[in-house]
Amino acid sequence: MNASDIADLLANPYDFKDPTSLTGPELLAELDALHARQTLLLWIQLRLLESNPEVVATHPDLQDKLDFLRTLDLEEVSGPGS
């Protein structure tokens, strides 16, 4: 994961595709791409919260979110272009 992967994700909004028009392999590829994007976004949230402990300490909802994100397996994130 590098800064350009994150910048690419944030600069390029998801282009929704109508699932009824996709073939089986296209649908599977689309689901894989969505999963990768979602995982990357969760990884970014985790890193942001971990890098701001003073903010998290004053907001219980953020601490709850951080605790939840730490339960997920986000270490093998492959960003766009990886």
Side-chain angles (χ1 to χ4, degrees):
M1 174 63 53
N2 60 43
S4 68
D5 290 338
I6 295 170
D8 184 54
L9 174 73
L10 298 175
N12 297 304
Y14 177 71
D15 181 25
F16 178 77
K17 295 179 178 76
D18 179 6
T20 62
S21 67
L22 301 176
T23 65
E26 290 171 333
L27 182 57
L28 289 174
E30 187 67 14
L31 290 171
D32 286 344
L34 282 170
H35 178 72
R37 186 177 183 88
Q38 178 183 25
T39 302
L40 181 57
L41 288 169
L42 291 170
W43 182 87
I44 292 168
Q45 285 182 353
L46 176 61
R47 295 301 173 254
L48 286 171
L49 291 171
E50 287 182 334
S51 66
N52 292 286
E54 63 285 345
V55 174
V56 172
T58 61
H59 294 84
D61 56 321
L62 293 179
Q63 183 62 56
D64 291 343
K65 181 69 172 182
L66 178 58
D67 292 342
F68 169 73
L69 291 169
R70 286 179 171 159
T71 69
L72 303 177
D73 181 15
L74 302 174
E75 290 308 313
E76 294 186 25
V77 172
S78 60
S82 296

Nearest 0.5 Å, please: how far is [atom2] in [Y] from [atom1] in [X]?
X: L66; Y: T71; atom1: CG; atom2: OG1; answer: 10.5 Å
X: L74; Y: I44; atom1: CG; atom2: CD1; answer: 11.0 Å
X: W43; Y: D73; atom1: CH2; atom2: CG; answer: 14.0 Å
X: R37; Y: D32; atom1: CZ; atom2: CG; answer: 15.0 Å
X: K65; Y: D61; atom1: NZ; atom2: CG; answer: 10.5 Å

**Linked hydrophobic residues, L31 as query - side chain contacts closer than 4.5 Å** =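 In the cluster with L31 are L22, L27.
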List for me each residue that meets side chain to side chain contact (heavy atoms under 4.5 Å, CB included) alongside [X], sequence neighbours excluded, and say none if there are none.
X: D18; answer: T20, S21
X: P60; answer: none
X: L62; answer: L49, V55, V56, H59
X: L28; answer: none

**Asked** side chain to side chain donor-acceptor pair (under 3.5 Å) with N52: which residues, sequence neighbours excluded?
**Response**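 Side chain to side chain donor-acceptor pair (under 3.5 Å) list for N52, sorted by chain: empty.
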**Prompt:** Can you list the residues that meet the side chain to side chain donor-acceptor pair (under 3.5 Å) rule with T23, with sequence neighbours excluded?
**Reply:** E26
**Residues which pass salt bridge (charged side-chain N to carboxylate O under 4.0 Å, His left out) with R70, listed by chain and number, not counting sequence neighbours** =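 Only E50 meet the salt bridge (charged side-chain N to carboxylate O under 4.0 Å, His left out) criterion with R70.
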